[in-house]
Protein chains: 2
Amino acid sequence: MCPVRLLYVDGPMARATGRHGDESRALPRDLLLDVELRRGRLRKNLRETLRSAIQEGRLLAGTMLPSSRTLAADLGVSRGVVTDVYDQLAAEGYLVMTPRHAPTVGGVANAVRAEPEPTPPAWRFDFVATTPDVGLFPRRAWVRAVERSLRSAPADALGYGDSRGRIELRLAVADYLARVRGVRTGPERIVITQGFRQALDLLCRTLAARGSTTLAFETPSLPDAWATARASGLELVACPVDQDGLRVDRLHRMPAAAVVVTPAHQFPTGAVMAPTRRTALVSWAAGAGRLIVEDDYDAEFRFDRPAVGALQGLDPGRVVHVGTASKTLAPGVRLGWMSLPADLVGEVRASKAAADSGSPAIDQLALADLISTGEYDRQVGRARHLYRRRRDQLVDALSARLPQLPVDGAAAGLHVLLRLPDGVDDDEVAREAGRHGIGVRALSPMLLASGPERGLVLGYGRLRPDSIYKAVAALARIVKPAAG
Amino acid sequence: MCPVRLLYVDGPMARATGRHGDESRALPRDLLLDVELRRGRLRKNLRETLRSAIQEGRLLAGTMLPSSRTLAADLGVSRGVVTDVYDQLAAEGYLVMTPRHAPTVGGVANAVRAEPEPTPPAWRFDFVATTPDVGLFPRRAWVRAVERSLRSAPADALGYGDSRGRIELRLAVADYLARVRGVRTGPERIVITQGFRQALDLLCRTLAARGSTTLAFETPSLPDAWATARASGLELVACPVDQDGLRVDRLHRMPAAAVVVTPAHQFPTGAVMAPTRRTALVSWAAGAGRLIVEDDYDAEFRFDRPAVGALQGLDPGRVVHVGTASKTLAPGVRLGWMSLPADLVGEVRASKAAADSGSPAIDQLALADLISTGEYDRQVGRARHLYRRRRDQLVDALSARLPQLPVDGAAAGLHVLLRLPDGVDDDEVAREAGRHGIGVRALSPMLLASGPERGLVLGYGRLRPDSIYKAVAALARIVKPAAG
């Protein structure tokens, strides 16, 4: 009913000394207990008070507590309350009980605090290319989709299910991919993942388990993906890209049995893979148990013409098509999907089961609802319209402010590549921009094999339209001196 | 506006033959095109018609299509529509274009269908122990939590964030764990995961990367977890348990530097780890860079007394505490959390980033909302009340129907262990039960080191209260003959 403060000055300790004769514990020590007593919560309050005192080192190992009779009398509670609490703390290892003696505090190790939270930088102008405008996320539509899904989903949908994912979403995605990306797939060959990142992780684990040691990546490409591949123990080899996409001729000379490519819109150069390269890449894979991982991360956003259909359509037996809602909705949704060759389904499904048993059910149901009601397409359409305008503004602003620097990349996706002269320290340019509140990433850290190419990867997904000219002006002030 | 069916009998083929002189393509072949023409969708419809025909093998490689002029005239559309579509399909690799010739169909590989969906068995009586009653999932409260969270979350919450998880959830979990489980943690040491499974996966990957080769598990324990550990290349060693939990004395003789334990409620024996074992286990870990993984999967459900506090409280520098919403809410939520020793945070965080960049934001926000509004505690309280009654009924029914067989396990969690005589083929008993519509798992497949113990793991989470007696009666008819 009110807080009780008890002070045992040198009391229980004297007895502890007498029994054990241990010098270090014989020092007189005060025992101060603040106990908040609420009706019906006596045991809980007393237990937590004592446990915290032990955990926080206020009650040291070897300290003898008052007998249950004494403490009960001092607190004005029944003795049973105190013996229950002592028993509980003994069961947890915090107290050591000896018959006919008051309990002694057990040994408890200190906790060490970890690093404090880092505070992410808040950019004045955010050119970071890997995130879309999360402000466009259709929050209301998502809530409605969750509500509708939970109203109609069978209870089993919330249990452990097929590790490939909910059938509702696999059906919706199969239909969507056939319709929008020309992917040849079916629900039985789709595995739902936590975005592209996990799809790559599961594929790399499967490749490693099959005995592969090497995986080819485009250079330049996204370092985050390299880290994921390396986590499975794979070695990476770098295959160059040019304005027609992957240099497939170079791939033939490499020891890799698999390659990760971005045919619809190379990241970060923005190249669209040329028809001859597509045919050549599929021929390469037809070789000997080879595999192509098609990272189709932003193909929904093509502005000047219909998006080039997925490479996977040309050879569904050799190409894994990976898509994601990270660009169309938001990265925080953490949902992606892969369409697998039939002979990989079993292994990848087992790999997904071992990794996390399957993706969250409610999110999957909500996304299936958004796709099948057409809301997903409408959202993509709205976003495409906005991004197209931002891209136009960005390209205009760049040609006005930095006319001497070439801007690469098809009219697609969420970024362009601003080329800097070879050898310029683009990383230092990006850091200098950061110091001026401009978030931007340099090209050179994305080179898997070192090379002379330099540049800045400029995302427009997160730039507010009314600030694009200002953002480019601010950037130009930093880039101009560096670009000579 | 209406479907158009075009039939080119041996037409374009004649020209193809003439140009290439290839015998196999010289066979006269009809070309049948069904095109649905809708205003504003001409290009899309024509593109998809042709692409599907090629993908499905109705248009074979080498087939020459009508010239753009011919096809446009036959369809009654402008020639630009057809050339656009031909260009698009050429860009995708489906058509090969040669100047001044009609396009030829490119080579496309066949898709192979994967295994059809397996249909999970629908049990008449479901004793499967690893899933709670998903019918109790608070659907409305979840929708409200999603709605509230999305109304107030900053846009950045939907971007890529700290791979440890949303700070809102880490704060709520840290507070909850201190309050309910006596865990000593803080948001900076918590990593949010996709359930226990992913927590174990990330820990195993971290251990393997540190050079560990061996991990100790309790025997018996859950085979699914073994699969996860083995996926990281770890070898497993089996440490026996008895009625006081893990035999820590045996652990000392094993080469493992880490052990996975279930101290609050051993799975599947239901033992609660005795105080002396707790102290001994913590002493074992204090040795040399050793680690304890505490799988605290169902500690919220203790029926006869307050749950024994987490082992982690005794030594937060050596024990990883892993909790999950899979038993308290539903497995489909796929959220769990680990409280890490400070010196593991960096590695596990990087491992989580490589695995999937972080858990879904909206689910995390919703769970944080449920915990901080007290709804989570109320849900646990409601479920505890129901499970307690089901357990009582199950134990009563077992003692009435199978009085000769001992029932093991503390009054806690979601299961008991029905012991069968040593050496009985419990797996066959479980299969026979399955044939009678009773879902149940045998003990022996959970023995990591083979031993004579036999039994059935009986979950009551999914048994409807009004059917428990019937379920036990049905089970007894199968068990009795086997148990002699």
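Proteins come first, then strands; the chains are lettered A, B, ... in the order of their sequence lines, and each starts at number 1.
When B/V308, B/D224, B/T279, B/D315 are compared by the number of non-hydrogen pairs under 4.5 Å with chain A, B/V308 comes out ahead. Per-residue heavy-atom pair counts under 4.5 Å with chain A were compared for B/K44, B/R151, B/R179, and the maximum is reached by B/R179. With chain A as partner, the option from B/R277, B/R43, B/Q198 having the largest number of non-hydrogen pairs under 4.5 angstrom is B/Q198. Of the listed residues (B/A361, B/G182, B/A231, B/G135), the greatest number of heavy-atom pairs within a distance under 4.5 Å of chain A belongs to B/G182. The candidate with the highest count of non-hydrogen atom pairs below 4.5 Å against chain B, out of A/A155, A/G106, A/A355, is A/A355. Of all the listed residues (A/R230, A/R51, A/Q194, A/R205), the one sharing the greatest number of non-hydrogen pairs under 4.5 Å with chain B is A/R205.
Heavy atoms of A/S326 lying under 4.5 Å from chain B belong exclusively to its side chain. Contact of A/A307 with chain B is made through the backbone alone, with heavy-atom distances under 4.5 Å. Residue A/R197 touches chain B through both its backbone and its side chain, counting heavy-atom pairs closer than 4.5 Å. For a residue to count as touching a neighbouring chain, one of its non-hydrogen atoms must lie under 4.5 Å from one of that chain's; by this rule A/D201 touches chain B with the side chain only. Neither the backbone nor the side chain of A/R318 comes within contact range of chain B, judged by heavy atoms closer than 4.5 Å. The contact between A/E147 and chain B is made by backbone and side chain atoms together, counting heavy-atom distances below 4.5 Å. With a threshold of 4.5 angstrom between heavy atoms, A/M273 approaches chain B through N, CA, C or O but not through any side-chain atom. Proximity to chain B (any heavy atom under 4.5 Å) is restricted, for A/F137, to the side chain, taken from C-beta onward. Only the backbone of A/R181 comes within contact range of chain B, with at least one heavy atom under 4.5 Å from a heavy atom of that chain. A/R166 does not touch chain B: none of its heavy atoms, backbone or side chain, sits under 4.5 Å away. Proximity to chain B is limited to the backbone of A/A310, based on heavy atoms less than 4.5 angstrom apart. With a 4.5 angstrom heavy-atom cutoff, A/P263 does not touch chain B via any of its atoms.
In this structure, B/D156 pairs ionically with A/R462, as a charged nitrogen and a carboxylate oxygen lie closer than 4.0 Å. Remark: A/D84 does not engage A/R47 in a salt bridge, criterion side-chain N to carboxylate O under 4.0 Å.
Taking the side chain as every heavy atom from C-beta outward, A/V319 and A/L314 never approach each other to under 4.5 Å. You'll find the side chain of A/R164 stays beyond 4.5 Å of the side chain of A/K352, heavy atoms only.
A/E188 contributes no side-chain N or O that, together with a main-chain N or O of A/V345, makes up a donor-acceptor pair within less than 3.5 Å. Proximity of a side-chain donor or acceptor of A/S351 to a complementary backbone N or O of A/E347 within less than 3.5 Å is not detected.
A distance of 11.0 Å separates CG in A/L158 from CG in B/L136, rounded to the nearest 0.5 Å.
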